[in-house]
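Written below as structure tokens is the structure these notes are about.
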Amino acid sequence: MAPFWQNAIHWLDEGRRGVVGVMVDPALEVLSKSGLKCEQTNFRKDLSVFVCTAYITEHLEEIQNFVAEGGGLLIGGHAWYWAYTHAGYLPLPPPSTPLRCPCDYRCRT
């Protein structure tokens with residue numbers, strides 16, 4: 001599965017070869033093999049790509065602006081409960097996801 005994540009990070013970086021900010025430690029181990037500079041950090045505006053959980057509640061407006069201005073965003077989380085309670089529906093992010101970003105095709109729901 002690691003090549004999938006590495007390809008995703010390179011795609012989101014768009015050749016900038018900037019810093020990839022990773023919020024959670026397990027992801028840092030996999031993503032640091034991408035060849036890009038990865039750091040464990042909370043959101044910062046100087047990142048090329050920000051990797052976070054779907055449950056983030058801080059810096060939401062700043063993150064939306066970051067994506068609107070071309071920054072890459074990779075969100076991960078479990079959707080098992082939503083999928084269980086919405087059998088037969090297309091598996092899109094649940095309406096309760098705090099981070100909504102209608103500004104970019106990569107994260108529209």
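These figures come from a predicted structure and were not determined experimentally. One-based numbering along the sequence shown. Excluded from the calculations below are hydrogen atoms, water molecules and symmetry mates; all remaining heavy atoms, backbone and side chain alike, are included.
- Nearest heavy-atom pair, Gln6 versus Val30, reported as atom, atom and distance to 0.1 Å: NE2-O, 3.9 Å.
- Considering only heavy atoms from C-beta on, Cys52 comes within 4.5 Å of Leu73 through its side chain.
- Note: Phe43 and Phe50 have perpendicular aromatic rings, judged against thresholds of 30 and 60 degrees for the angle between ring planes.
- Using modelled atom types, no side-chain atom of Arg17 and backbone atom of Asp13 make a donor-acceptor pair closer than 3.5 Å.
- In this structure, SG in Cys38 is found 11.5 Å from NZ in Lys33, a value given to the nearest 0.5 Å.
- Across all non-hydrogen atoms, the minimal contact from Leu36 to Gly18 is CB-O, 4.5 Å.
- The one candidate from Val51, Leu28, Thr41, Asn42 that meets the side-chain contact (heavy atoms from CB on, under 4.5 Å) condition with Met23 is Asn42.
- Distance NE2/His59 to NZ/Lys45: 10.0 Å, rounded to 0.5 Å.
- Of all heavy-atom pairs spanning Val24 and Val22, the tightest one is O-CG1, 3.2 Å.
- Pairing each heavy atom of Ala54 with each of Ile75, the nearest pair is CA-CG2, 3.4 Å.
- The local environment of CD in Glu29 is sparse, with at most 12 non-hydrogen atoms from other residues, nucleotides or ligands closer than 6.0 Å.
- With rounding to the nearest 0.5 angstrom, the OG1 atom of Thr53 is 11.0 Å from the CG atom of Leu74.
- With values rounded to the nearest 0.5 angstrom, Leu47 atom CG is found 10.5 Å from Lys37 atom NZ.
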